[in-house]
Number of protein chains: 2
Amino acid sequence: MSRAEPVRPTSPPLIALVHRANKALQANMVAQAHRQGHPEIKQSHNAVFGTLHGEGQRAVDMAASMGITRQSMGEIVREMVQLDILEMVPDPADRRAKLVTFSAHGLEVAAAGFRHIGALERRFAEEFGAADYETARRVLVRVAEMLEADDAEPHDQAVTPGQTESRRSSPG
Amino acid sequence: MSRAEPVRPTSPPLIALVHRANKALQANMVAQAHRQGHPEIKQSHNAVFGTLHGEGQRAVDMAASMGITRQSMGEIVREMVQLDILEMVPDPADRRAKLVTFSAHGLEVAAAGFRHIGALERRFAEEFGAADYETARRVLVRVAEMLEADDAEPHDQAVTPGQTESRRSSPG
DNA sequence: ATATATTGAAAGGTACCCTTACGAATGTCA
DNA sequence: TGACATTCGTAAGGGTACCTTTCAATATAT
């Protein structure tokens, strides 16, 4: 009876589903950009497309909004400047800072990307029904929020009463 | 009218939600293993925990089932053998192959991980209701399937009629 | 004025996964 | 039975997407 199989969940765990969907979505976005005549687009560029808008932002703010370091965002931005997707101009209000904006070409790339995203979202809403699709979106957001909160204060989360999973915080 | 802002989706695109949830889930799994006394566990080990079961499997099959190359899976397996989580024995039926199994210690690590996953899944089902949680899971699976199919035959997917997104396949 | 904080940038490291290549064992078919 | 291609694990090297550490320039607080 030693060497018994660990209790494996019967259905694939959420992490597997999310991981696979994430991989597929990332690959799809990059592939679409390539097909539309922008073969220089990489996955990391999504960190910019996902946050840049309006009259120009500083790399440090873009980084914060995407949850990566400002150094990483800075590197991505510099690469995209080389590719004529972004432009950087000195911030008149702060001579340390530079404002990042789309170039004319970058605007086209972004517009194509957003059009693709819009089409995808419509396809999904059609496939699942608007209500179910919205439910899935809500679950994803909430799951991330819950786990990020766990991370911030790592007590004994994910434990329902009666289920023993590493009792640590009993007697203080 | 040039330099107009590209049409940005009003709500965060699905890819952003999935990406964030994936990041949070991966981090949570690794952090939990560390908290439970297994600080050697890395994110990449999930590729093994996600597929290994029963009397032993070959690395090539594990790789296929997780969607990575056999070389990558082989490297992960070898590392986990060093860590006394896995064992490799020659396959009696095929002398090229080796069968991967959990070691005694690895069984404990896996069991703890599965317990954590079980607790997580229960927590989610409770938070969202079983029906909504199941809906979300179904959407994730189907999204991955749809996009993987697109990838396999990259015509003009994700385009609803009337929406222009790179017409390519009109008149041959 | 001077200490401290913030910005972009440079340099180097790490994690994860890939491609290419190869030897050993196997299947296949003339 | 003997070529031949295929499949197994493995080795070696590369690429991508981040990270940490550090720095100079600039800004802000005291």
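Numbered from 1 within each chain, the chains take letters A, B, ... in sequence-line order.
- Checked for salt-bridge contact, A/Arg123 and A/Glu126 miss the test: no charged N lies under 4.0 Å from a carboxylate O.
- Contact annotation for B/Met88: backbone-only contact, meaning every heavy-atom pair under 4.0 Å involves sugar-phosphate atoms and none involves a base.
- The side chain of A/Arg96 lies closest to C/dA5 when the candidates are C/dA5, D/dT10, C/dC17.
- Here A/Ser44 lies in heavy-atom contact (under 4.0 Å) with sugar-phosphate atoms only.
- The distance between atom CD1 of A/Ile68 and atom P of D/dC19, rounded to the nearest whole Å, is 6 Å.
- Ion pairing of B/Glu148 with A/Arg20 is present here, as a side-chain N (NZ or NE/NH1/NH2) and a carboxylate O approach within less than 4.0 Å.
- Within the structure, a side-chain polar atom (N or O) of B/Arg78 is placed less than 4.0 Å from OP1 or OP2 of D/dT10.
- We find that CG of A/Asn22 is positioned 11 Å from P of D/dC18, with the value rounded to whole Å.
- Mapped onto DNA chain C by nearest heavy atom, B/Gln71 and A/His19 fall at different nucleotides, with A/His19 at the one closer to the 5' end.
- Ranking D/dG9, C/dT7, C/dC18 by closeness to the B/Thr69 side chain, first place goes to C/dC18.
- The distance between the ring centers of A/His38 and A/His105 falls below 6.0 angstrom.
- Side-chain nitrogen and oxygen atoms of B/Lys98 include at least one within less than 4.0 Å of the OP1 or OP2 phosphate oxygen of D/dT10.
- Listed nucleotides: C/dC18, C/dC16, C/dT7. Nearest to the side chain of B/Gln43: C/dC16.
- Checked against D/dT16, C/dA9, D/dC8, the side chain of A/Lys42 finds its nearest nucleotide in D/dT16.
- Between A/Ser72 and the phosphate of D/dC19, there is a side-chain N or O to OP1/OP2 separation shorter than 4.0 Å.
- Minimum atom distance to the side chain of B/Ala97 is reached by D/dG9, of the listed C/dT26, C/dG8, D/dG9.
- Regarding A/Leu99, its CG atom lies at a distance of 13 Å from the C1' atom of C/dG8, rounded to whole Å.
- Positionally, the nearest nucleotide of DNA chain D for A/Ile76 lies more toward the 5' end than for the other of A/Asp94 and A/Ile76.
- We find that B/Glu145 and B/Arg142 are joined by a salt bridge, their nearest charged nitrogen and carboxylate oxygen being less than 4.0 Å apart.
- Ion pairing between a basic and an acidic side chain is recognised when a charged N comes within 4.0 Å of a carboxylate O; A/Asp61 and A/Arg70 show no such pairing.
- Residue contacts shown for B/Arg58 are limited to sugar-phosphate atoms, with no base heavy atom under 4.0 Å away.
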